[in-house]
Amino acid sequence: MAEKFFDYIIHGGDYNPDQWIKTPEIWDEDMRLMKLAHVNSATVGIFSWAALEPEEGIYNFEWLDKILDKMHENGIAAILATPSGARPAWLAQKYPEVLRVEENGIRNEFGVRHNHCLTSPIYREKVRNINRMLAERYKNHPAVKMWHISNEYSGECHCELCQQAFRNWLREHYHNDIDELNFKWWNGFWAHTLTDFEQINSPKSRGENHITALYLAWNRFLTDSHISFYENEIAPLREITPHIPVTTNFMRHYNGIDYQKFASHVDLVSWDNYPHWDKGKNLDEAFEAAFLHDFFRTLKKGQPFFLMESTPSQVNWHDVNKLPKSGMHELSSIQAVAHGADSIQYFQWRKSRGGHEKYHGAVVDHCGHENTRVFRDVTRLGQTLEKLGKITGTEVKSRVAVIYDWENGWAVDAFCGFNNSRRDYVSETVKWCAPFYRRGINIDVISMQDDFSEYDAVVAPFLYMLKDGTEERIEQYVKSGGVFAATYLTGLVDKDDMCFLGGFPAGKLKDVFGIWCEETDALPENMPGKAEFGGKLYDINHVCDIIHSNGAKILGTYKSDFYAGMPCVTKNSYGNGKAYYAAFRNDSDFADDFCRMLIDENEIKTDCGIETADGVLIRKRGEYIFVMNFSDEEREVTLDKEYQNVITNETANGKITLPVCGYTVLR
Ligand code: GLA
Ligand code: ZN
């Protein structure tokens, strides 16, 4: 059993009662409706700075006192937010340095949110101050169960304070030695040799934007500045409320902050999930959501995570905001629980009457009552979550890992060469996770720095960059019996994007895989090549490595171009383990066929014995088995033995029928 924060699944979401301060009767109606919807928690104060401190040093906590009291009286837990995500107008007016400077060098005006400098000492002080006031006032309030720090940290500032901080960061990371930096960034190229750290600026379109190492350093710096901004925010909370756990909500597909680094600073990982259901094939969307859940869960392995935001209906920020069909929200939420979530929460509880997000889905619509499709969906889910309460704290265990490394993602996006039109690191990774999801095999999504030794197999799509020690750790892992599979463009550069010499993949990996890569070809979208594997012909899409076997067994060969007849899929025995190399990208079913072979050959077992059906995903969490139908049709699944249906308490055996969006939870 992992650490758990509640004995029940948290069901609730962002609640902005300060928007309704002039109509407090709505607050009472909120309490009635929350109980009706089986909502047991609400996150308050996220964007409340102007309501809490209407003028500098003048505070108004009365409304929040009342709301927290009401929530407590009604059995609703409070996740209390710090308000730094959006600063009040007076603060920006009096201290312009708190506003962000864009990449073009121009300071923003007051407006939007996340529009603050992360370095500004004044902003940091003001944030610390309001957070201290909140902590002092509510340290013993019985409703307050968790801190929600700021909101979706993101963005960058290019002001002079940030430039200086960046230069200091570089001094620290390159031993205050400009020659070391020149060497690692290969600055002799284009006469970029620097003589002083003061000559460096953040990457900009009108300045330096062709050095990947600078881009990597800037992203690492931004990650560190967000962490230090966050540490500054939580300092008074740690001091005054050490008993209250702290989280901050991470974002789906935001690549600006290295969450694999940030995660060690939070007590609990939480994130915001907005899949685009019913826009295309829901199964594809489900694979991506599954990958994201596993990524965020693995950030703190062994612990559950919180789903901090989702929409019970549509969002307002796609070009076209399709309503998901009934049942989709419930299935989507159950999928989160199956992957380790101990909470399902929404943005937001009640639709705003005005402002930018007034048409974003919420539990309570502008009509104000409970007689809506969405409200009924949420209520039904709330009842189900209550029945699943015992699952909280239960771990997801996996014997297979897929590497998705944040910094590698930055490098993959940034380098110039081969195929510049398509890199798709996220979707390429999802492609290599999906075969395991299809077969009911749990996976962890790890970074290249995580421990491989506990896994039977590790799959590493597009592992272009190798950070210090990775080469050796892969070698050790395979030598001692591990199964490691890599794809095209593996092991080209170090952490500063400098190429390894002596052939790819780097160093010892040539022995581990028993191959070396001589050239990499790029293929135009409409001119795919051909490759053969297992008697089947596949398109080569976008990119492929032209490899030679140095002892690896050849499992497939190219069928087109001047490299026809050369290997495209290999397997090598090394020490007690095996290393596979899939040298080309294919955008249809090659990854699935390859993984089927990997699973069969290495006898990787599914995590439960139930044979799945097309479009049905099966997932094991602790003793619980989730069977979820993401296909567009009714599906039948045959159980391998007798189970108990956790939701109905009935015995389940034989065939079960799942309607579209249907699911069942067994144990
Ligand atoms: C984010 C934010 C919320 C809201 C939603 C809308 O996740 O955290 O405040 O803007 O998006 O989808
Ligand atoms: Zn700044």
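Numbering of ligands and ligand atoms starts at 1, following listing order.
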Give the numbers and elements of all ligand 1 atoms closer than 4.0 Å to a heavy atom of [X].
| X | result |
| --- | --- |
| W317 | 6 (C), 12 (O) |
| F47 | 9 (O) |
| D272 | 7 (O), 8 (O) |
| N151 | 2 (C), 8 (O), 9 (O) |
| E152 | 1 (C), 2 (C), 7 (O), 8 (O) |

Would you call [X] and [Y] a salt bridge, taking side-chain N to carboxylate O under 4.0 Å as the test?
| X | Y | value |
| --- | --- | --- |
| R113 | E152 | no |
| E198 | R171 | yes |
| E407 | K261 | no |

Legend entry - With the Zn ion (ligand 2) as the apex, the SG/SG angle for C157 and C117 - to 10°: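 It is 120°, given to the nearest 10°.
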Inset, instruction - Measure from the ring center of H293 to the ring center of W271 and say whether it is less than 6.0 Å. - result: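 Judged by ring-centre distance (under 6.0 Å), H293 and W271 do meet the cut-off.
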Legend entry - Between Y259 and F295, ring centroids under 6.0 Å: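 No, the ring of Y259 stays outside the 6.0 Å limit from the ring of F295, centre to centre.
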Legend entry - Selected option - heavy-atom contact closest to atom 9 (O) of ligand 1, from M251, R113, E309, H114: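 Selected option, by shortest heavy-atom distance: R113.
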Legend entry - the Zn ion (ligand 2) contact by C162, N, O or S atom under 2.8 Å: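 It does: C162 brings an N, O or S atom closer than 2.8 Å to the Zn ion (ligand 2).
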Inset, instruction - Considering heavy atoms of the protein only, find what lies nearest to atom 6 (C) of ligand 1 and give residue, atom and distance to 0.1 Å. - result: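 Heavy-atom neighbour on the protein nearest atom 6 (C) of ligand 1: H360 NE2, 3.1 Å.
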Legend entry - Nearest-contact summary for atom 10 (O) of ligand 1 - protein heavy atom, Å: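 Protein heavy atom at minimum distance: E357 OE2, 2.3 Å.
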Inset, instruction - Could you tell me whether the side chain of T82 and the main chain of S150 form a donor-acceptor pair under 3.5 Å? - result: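 Present.
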Legend entry - Check: N282 side chain, D278 main-chain N or O, donor-acceptor pair, under 3.5 Å: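 Confirmed, N282 side chain pairs with D278 backbone.
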